[in-house]
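Notes to accompany the following structure.
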Amino acid sequence: MNVYTRNGDNGQTTGYDGNDYDKDDLSIEIVGTLDEFLASLDEAIVELSEPETEHLNDVQDTLWQTAGEISLGEPGKNIDDAIQDEDVQTLEDGIDEYNPGLSQFVRYRTEAGVRLNRARVECRRLERRLTPAMREERLRPVIYEYINRLSDFLYVLACSSEERLRTQSD
């Protein structure tokens, strides 16, 4: 199997649905941003331990399903495990669990905190990319809600991790 197809040499790419798209098509832009975000989660995971890694592995599994849903252009179809309201609730429960109750801005100085913060920033970028698709009803509203909560989850996880690792090193 060749890795290269030469299709991209003309500014086109083939989507999961088999159709050709311009590389700056909204759905390609979203999936690319999602891929970047998943890579930043990989970087964060290598710096964490249980149970944080388990939570983030679950998030990654959910996001892979979401990438498939967006790529196929049929909201809620052709995937095994689409995001549901319960997934948003799981993130909210995680936010409540990890929220350190900080009242001031946190500067990240540990590797884990820095990487989680980078993932949070990538998640916010994904949310911005999803906004036009949400307005055009090209994605289910629960996906947008999930991504919005996910950036909050990553924030409290970064703060919690930062605090835990700082106190361990003192």
Side-chain angles (χ1 to χ4, degrees), residues 8 13 15-16 21-73 75 79 81-84 87-100 102 104-136 138-166:
T13 190
Y16 292 116
Y21 295 92
D22 290 332
K23 286 188 176 185
D24 61 355
D25 181 84
L26 179 60
S27 62
I28 300 303
E29 203 41 59
I30 288 170
V31 172
T33 304
L34 184 51
D35 193 30
E36 293 168 11
F37 174 46
L38 285 164
S40 70
L41 285 175
D42 284 335
E43 290 177 348
I45 287 170
V46 300
E47 292 297 324
L48 297 170
S49 56
E50 291 291 335
E52 292 96 345
T53 56
E54 183 178 335
H55 289 300
L56 292 181
N57 284 325
D58 290 345
V59 164
Q60 283 187 313
D61 290 344
T62 300
L63 292 175
W64 277 114
Q65 292 291 310
T66 303
E69 180 175 344
I70 292 168
S71 297
L72 293 169
I79 58 170
D81 195 18
I83 290 176
Q84 302 297 322
D87 298 307
V88 176
Q89 184 61 53
T90 297
L91 286 176
E92 290 175 355
D93 293 344
I95 292 167
D96 294 341
E97 177 185 344
Y98 286 104
N99 189 352
L102 297 175
Q104 59 184 350
F105 179 72
V106 173
R107 298 302 271 169
Y108 303 102
R109 301 292 184 235
T110 66
E111 191 70 29
V114 167
R115 289 181 186 212
L116 284 165
N117 188 48
R118 167 52 67 192
R120 179 194 62 81
V121 169
E122 296 284 339
C123 186
R124 286 288 190 206
R125 181 163 38 143
L126 174 61
E127 185 177 10
R128 292 190 303 272
R129 293 286 191 275
L130 288 172
T131 301
M134 182 194 62
R135 283 191 198 124
E136 296 170 12
R138 291 173 58 181
L139 91 141
R140 296 176 303 114
V142 72
I143 292 174
Y144 197 81
E145 293 168 15
Y146 182 86
I147 298 301
N148 183 274
R149 283 326 168 282
L150 183 52
S151 63
D152 295 336
F153 176 74
L154 292 168
Y155 172 74
V156 297
L157 191 59
C159 291
S160 174
S161 174
E162 186 75 17
E163 186 174 298
R164 180 177 43 79
L165 292 172
R166 279 186 185 181

How about [X] and [Y]: do any of their side-chain heavy atoms sit closer than 4.5 Å?
X	Y	answer
L41	L63	yes
L26	R138	yes
R124	N148	yes
Q65	I83	no
L56	L116	yes
L150	L126	no
Q60	D42	yes
L154	V121	no

TODO: Sequence neighbours left out, what passes side chain to side chain donor-acceptor pair (under 3.5 Å) with T62? Give chain and number order.
DONE: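 With neighbours one apart ignored, the set is empty.
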Task: All side chain to side chain donor-acceptor pair (under 3.5 Å) counterparts of D61, not counting sequence neighbours - done: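 Side chain to side chain donor-acceptor pair (under 3.5 Å) list for D61, sorted by chain: empty.
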List for me each residue that meets side chain to side chain contact (heavy atoms under 4.5 Å, CB included) alongside [X], sequence neighbours excluded, and say none if there are none.
X	value
S49	E52
D93	Q89
V88	E92, V142, E145, Y146, R149

TODO: Say whether, by atom type as modelled, one donor and one acceptor occur between the side chain of D25 and the main chain of S27 under 3.5 angstrom.
DONE: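 The answer is yes, because a donor-acceptor pair under 3.5 Å joins these two groups.
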Task: Donor-acceptor pair between S40 and E43 side chains, under 3.5 angstrom - done: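 Note: S40 and E43 side chains miss the donor-acceptor criterion.
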Taking only distance into account, with no hydrogens and no angle test, what donor-acceptor pairs under 3.5 Å do side-chain atoms of residues 28-38 form with protein atoms, sequence neighbours excluded?
{"residue": "E29", "atom": "OE2", "partner": "R129", "partner atom": "NE", "Å": "3.2"}
{"residue": "T33", "atom": "OG1", "partner": "E29", "partner atom": "O", "Å": "2.8"}
{"residue": "E36", "atom": "OE1", "partner": "R125", "partner atom": "NH1", "Å": "3.1"}
{"residue": "E36", "atom": "OE1", "partner": "R125", "partner atom": "NH2", "Å": "3.0"}

Open item on the list: Counting neighbours of CZ on R118 that are heavy atoms of other residues, nucleotides or ligands and sit closer than 6.0 Å, is the number greater than 12?
Closed with: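 Open: at most 12 neighbouring heavy atoms sit under 6.0 Å from CZ of R118.
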